[in-house]
Asks: 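First, the structure itself, so that you have it in front of you.
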Amino acid sequence: MIVWGRRPLGVALMVLGLVSRAGAEPVAMTASQDYFKVILTLIFVVGLIFACAWLIRRMSGGVGVNQKHIQVLSVMPLGAREKLMIIRAASEYLLIGVTPNGIQTLHRFDEPIDLNGPAQPSPFADRLKGLLKGFDSDPMSQHKQPNHDANKD
């Protein structure tokens, strides 16, 4: 029997072998055997999910487990693979730029940042809300000069 790190994988492979052999036999199956086969398959699938989760956690090296000292506070995408991030590392607040070529510190803040302030809606959001309501609510329309050339005959 093959055992990779822990015994559940060996048991799961053994169950899979039993299930595959049960399907290969030409013997007529009763209803209780059908239920048994379904239950074994279900146990195998659930075990496989847990084994994959364990393997991913093991391979990632515990990334994301301890986030006390480094936190991502805000992310703003600039392009397909470029973004600006505000992070807190220990007691320092940093503005960093992330690109496919690397990460650069753009600014170090002297005092803590309040990110809970009111968010400023964009003109696009205002216009979209107006269009969804059925009328044009261009926030810049009140600042535009009227076109006097169209009124002259």
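In what follows, every heavy atom counts, from backbone to side chain, and hydrogens, waters and symmetry copies are set aside.
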Asks: Hydrophobic clusters here meaning ILVMFWY residues chained together by side-chain heavy-atom distances under 4.5 Å, can you tell me if Val75 and Val98 are in one?
Replies: yes

Asks: Does one hydrophobic cluster hold both Ile96 and Phe109, with members joined at side-chain heavy-atom distances below 4.5 Å?
Replies: no

Asks: When hydrophobic residues are tied together by side-chain contacts of less than 4.5 Å, even through go-betweens, does Leu132 share a cluster with Phe124?
Replies: yes

Asks: OH of Tyr93 to NE2 of His107: how many Å apart, nearest 0.5 Å?
Replies: 13.5 Å

Asks: How many angstroms lie between CD1 in Ile39 and CG in Asp34, if you round to the nearest 0.5 Å?
Replies: 11.0 Å

Asks: Would a hydrophobic clustering, with Ile, Leu, Val, Met, Phe, Trp and Tyr connected at side-chain separations under 4.5 Å, put Leu95 with Ile113?
Replies: yes

Asks: Under the side-chain hydrogen bond (donor to acceptor under 3.5 Å, both in side chains) rule, collect the residues that match up with Ser32, sequence neighbours excluded.
Replies: Thr30

Asks: Could you grab the distance from atom NE2 of His69 to atom CZ of Arg88, nearest 0.5 Å is fine?
Replies: 9.0 Å

Asks: Roughly how far, to the nearest 0.5 Å, is CG of Leu40 from CD of Gln33?
Replies: 11.5 Å

Asks: Can you confirm whether more than 12 heavy atoms, excluding those of Phe36, are under 6.0 Å from its CZ atom?
Replies: no

Asks: Under 4.5 Å between side-chain heavy atoms, hopping through other hydrophobics if needed: is there a path connecting Ile103 to Ile87?
Replies: yes

Asks: Measuring from atom CZ of Phe50 to atom CG of Leu55, what distance do you get when rounded to the nearest 0.5 angstrom?
Replies: 15.0 Å

Asks: Just jot down the side-chain hydrogen bond (donor to acceptor under 3.5 Å, both in side chains) partners of Arg108, sequence neighbours excluded, or say none.
Replies: Glu92

Asks: Show the nearest heavy-atom pair for residues Lys83 and Pro77, with the distance to one decimal.
Replies: CB-CA, 3.9 Å

